[in-house]
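Reviewing the structure listed below.
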Amino acid sequence: MAEHRKSSRARQQIPERLRPLVPLAPMFILLVAAILLWGREPEEEQKEVRYLSLVSEESMPQLVTAEQLDRMAYIDSNMGEVGWVYTEESLAELNRVLREYDIRTPEAISQFLAQAAVETAAGRWLTELGEESYFQRYGYTTGTRGAGYLHLTFEYGQMAFATWMMKKNVPELRDIPYRNPTCNTREAISEAYYNALRLAANLGADISAYSRIVYDARSPVSTGADYIAEAFAWESAGYYWHITGIGFALDGLPGVGHTDTVSQLVGGSNWQSRREAYTAFYPVMRDSSDDSH
C-alpha cells in the first residue's frame with residue numbers, strides 16, 4: 001500500500017501534458033544508452049587490436065639486418081677501418097625509418113647508408129665534431145651543429161624538422177603549414193614554427209618531444225643537436241632524404257654516379273669516401289635481395 005501511495009503521489013507531481021509520455025520513458029533511456037555505446041569496442045577487443053598492430057609491425061621483414069651491417073665493414077682510403085656501430089634498438093629504428101620514408105631498394109638503401117657512414121663514421125659520431133669557433137665560421141653554433149645520421153644543421157633546419165614532426169605526430173596540429181628549407185626562406189620557416197608553438201599552447205597540445213629539437217640555451221634538458229642525436233638520429237636522416245627529393249634522383253642503373261648526386265644534395269664533403277662506402281655496401285644489399293627471390 002505504501003508503494004502504491006508513493007507511485008500515486010509521483011504521478012500527481014507530473015504535469016498533465018507530460019503524462020502521456022511517461023510510458024515511453026524506458027524506451028528513451030534505452031535509445032540514449034545505445035547512442036552512447038555506439039562504436040565502442042569492449043576493452044578486451046581493443047587490447048587485441050592493439051596487440052595485433054604491434055605484432056604486425058614487429059613481424060615485418062627487415063630491410064637491413066644485423067648480419068648485413070656486419071658484412072659492410074671495409075677499409076676506406078681516408079677514414080681507415082669502417083664498421084657499423086649499432087644496437088638492437090637503433091637497428092629497429094633504422095628499419096622503421098627506411099619503411100616510412102620509402103627507402104626500400106638495394107640501391108636507395110646503399111646510397112642512404114653510404115652518406116650516413118661518412119657523416120657519422122658509421123654511427124660513432126652522431127653530432128658534428130669541432131669547436132665553437134669552427135661552427136661559427138660556417139654560420140651555426142654548438143647547439144645547432146650537424147646532428148643525426150645525415151647531420152641536420154642550422155637553427156632554421158631544426159625549426160623545419162620540429163614543425164614536420166609536430167604536424168606528423170600531434171593530431172591537433174595535423175593542419176599546420178610546413179615550410180621545406182630547400183625552397184623557403186629562414187623567415188618563413190621560423191614563422192611557421194612559432195605559429196605551431198602558439199597553436200599548440202592554445203589547444204593545450206603536448207609538443208615537448210618536438211620543441212626540444214630546436215636549440216634552447218636556457219633549457220635544463222638537452223635540446224638542439226644533442227637532442228636530435230639522442231632521440232631522432234635516423235628519423236632526421238630519413239626526413240632530410242625525403243624533403244630533398246633524393247629518392248627521385250636514383251632512377252636508372254645503380255652506380256657511383258648516383259653517389260655524387262646524393263653527396264651534392266646532402267651537402268657533404270669527401271665525396272671519394274662516399275663512393276667507397278657505396279661500393280662496399282651495394283653488393284651486400286644486392287646479393288641479399290637476390291637471395292630473397
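Just so it is clear, the model here is predicted, and its values are computed rather than measured.
- Classified by interplanar angle (parallel below 30°, tilted 30° to 60°, perpendicular above 60°), the ring pair Phe232/Tyr227 is perpendicular.
- With contacts defined as side-chain heavy-atom distances shorter than 4.5 Å, the pair Glu276/Met79 does not qualify.
- Between Ile246 atom CD1 and His258 atom NE2 the span is 12.0 Å, to the nearest 0.5 Å.
- In terms of modelled atom types and a separation under 3.5 Å, the side chain of Asp216 and the main chain of Arg212 share no donor-acceptor contact.
- Arg274 contributes a side-chain N or O that, together with a main-chain N or O of Ser269, makes up a donor-acceptor pair within less than 3.5 Å.
- Cluster membership check: Leu126 shares its hydrophobic cluster with Val266, using side-chain heavy-atom separations under 4.5 Å among Ile, Leu, Val, Met, Phe, Trp and Tyr.
- Among Tyr149, Tyr278, Trp234, the single residue meeting the ring pair (Phe, Tyr, Trp, His ring centres under 6.0 Å) criterion with Phe112 is Trp234.
- Atoms CE and CH2, on Met72 and Trp84 in that order, are 8.0 Å from each other to the nearest 0.5 Å.
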**Asked** Where do Leu113 and Leu94 land on the side-chain contact (heavy atoms from CB on, under 4.5 Å) test, with the steps shown first?
**Response** CA-CA 10 Å; Leu113 292 179; Leu94 167 61; 4.3 Å; yes
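- Ring orientation note: the planes of Trp164 and Tyr178 are nearly perpendicular, at an angle over 60° on the 30°/60° scale.
- In this structure the side chain of Met285 never reaches within 4.5 angstrom of the side chain of Thr105, judged on heavy atoms.
- Atom CD in Glu191 sits 11.0 Å away from atom OG1 in Thr163 (nearest 0.5 Å).
- Between the Asp226 side chain and the Gly143 main chain, no donor and acceptor come within less than 3.5 Å of each other.
- Within a 6.0 Å radius of CD in Gln264, other residues, nucleotides and ligands contribute 12 heavy atoms or fewer.
- Within the 4.5 Å cutoff, the side chain of Pro106 has heavy atoms near those of the Tyr282 side chain.
- Atoms CG and OH, on Asn169 and Tyr210 in that order, are 3.5 Å from each other to the nearest 0.5 Å.
- Between Trp241 and Val262, the closest side-chain pair of non-hydrogen atoms falls below 4.5 Å.
- When all heavy atoms of Gln158 and Ile228 are compared, the pair lying nearest together is CG-CD1, 4.0 Å.
- Distance alone, capped at 3.5 Å, places no donor-acceptor pair between the Arg275 side chain and the Gly255 backbone.
- A heavy-atom distance below 4.5 Å is not found between the side chains of Trp271 and Thr259.
- How far OG of Ser236 is from CE of Met165: 9.0 Å, rounded to the nearest 0.5 Å.
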**Message:** Quick one, Glu100 with Glu235, criterion side-chain contact (heavy atoms from CB on, under 4.5 Å). Give me CA distance, side-chain angles, the key distance, then yes/no.
**Reply:** CA-CA 9 Å; Glu100 179 165 339; Glu235 178 87 40; 4.0 Å; yes
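- In this structure, Ala66 and Leu91 approach most closely via the heavy-atom pair N-CD2, 3.6 Å.
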**Request:** Evaluate the criterion side chain to side chain donor-acceptor pair (under 3.5 Å) for residue pair Glu230 and Ser222; output intermediate values, then yes/no.
**Result:** CA-CA 9 Å; Glu230 294 168 9; Ser222 61; 2.9 Å; yes
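- Tracing side-chain contacts under 4.5 Å through hydrophobic residues (I, L, V, M, F, W, Y), one never reaches Val256 starting from Val82; they form parts of separate clusters.
- By the neighbour-count criterion of 12 heavy atoms within 6.0 Å, atom CH2 of Trp125 is sparsely surrounded, having that number or fewer from other residues, nucleotides or ligands.
- Residues satisfying the side chain to side chain contact (heavy atoms under 4.5 Å, CB included) test with Leu199, not counting sequence neighbours, are Leu173, Ile176, Leu203.
- Here the CG atom belonging to Leu129 is positioned 7.0 Å from the NE2 atom belonging to His151, to the nearest 0.5 angstrom.
- Annotation: side-chain hydrogen bond (donor to acceptor under 3.5 Å, both in side chains) contacts of Ser133 (sequence neighbours excluded): none.
- Closest approach of Glu107 to Pro254, counting heavy atoms only: OE1-CB, 3.0 Å.
- Between Tyr74 and Phe281, the ring planes lie perpendicular to each other; the angle is over 60°, past the 30° to 60° tilted range.
- Clustering ILVMFWY residues whenever any of their side-chain heavy atoms sit less than 4.5 angstrom apart, transitively, puts Leu152 in the very cluster that holds Tyr134.
- A heavy-atom distance below 4.5 Å is not found between the side chains of Thr144 and Phe154.
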**Request:** Would you check, one step at a time, whether the test salt bridge (charged side-chain N to carboxylate O under 4.0 Å, His left out) holds for Arg179 with Glu187?
**Result:** CA-CA 10 Å; Arg179 302 294 181 231; Glu187 290 75 16; over 6 Å; no
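- A donor-acceptor pair under 3.5 Å is formed between the side chain of Thr120 and the backbone N or O of Ala116.
- Residues Tyr215 and Tyr156 are members of separate hydrophobic clusters, defined by side-chain heavy-atom contacts under 4.5 angstrom among Ile, Leu, Val, Met, Phe, Trp and Tyr.
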**Request:** Would you sort out whether Glu128 and Tyr140 count as a side chain to side chain donor-acceptor pair (under 3.5 Å), showing the intermediate values?
**Result:** CA-CA 11 Å; Glu128 186 178 0; Tyr140 47 96; 2.8 Å; yes
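- Within the 4.5 Å cutoff, no side-chain heavy atoms of Thr223 are placed close to those of Val214.
- For the residue pair Glu132 and Gln136, a side-chain donor N or O sits within less than 3.5 Å of a side-chain acceptor on the partner.
- Side-chain N or O atoms of Asp102 include none that pairs as donor or acceptor with a backbone N or O of Arg104 at under 3.5 Å.
- Between Thr153 and Gly146, the shortest heavy-atom contact is OG1-CA, 3.3 Å.
- For Gly83 against Arg124, the heavy-atom pair with the smallest separation is O-NH1, 2.8 Å.
- Here the closest non-hydrogen pair linking Pro181 and Ile189 is CA-CD1, 3.5 Å.
- Note: the hydrophobic cluster containing Val118 also contains Tyr86 (ILVMFWY, side chain heavy atoms under 4.5 Å, direct or indirect links).
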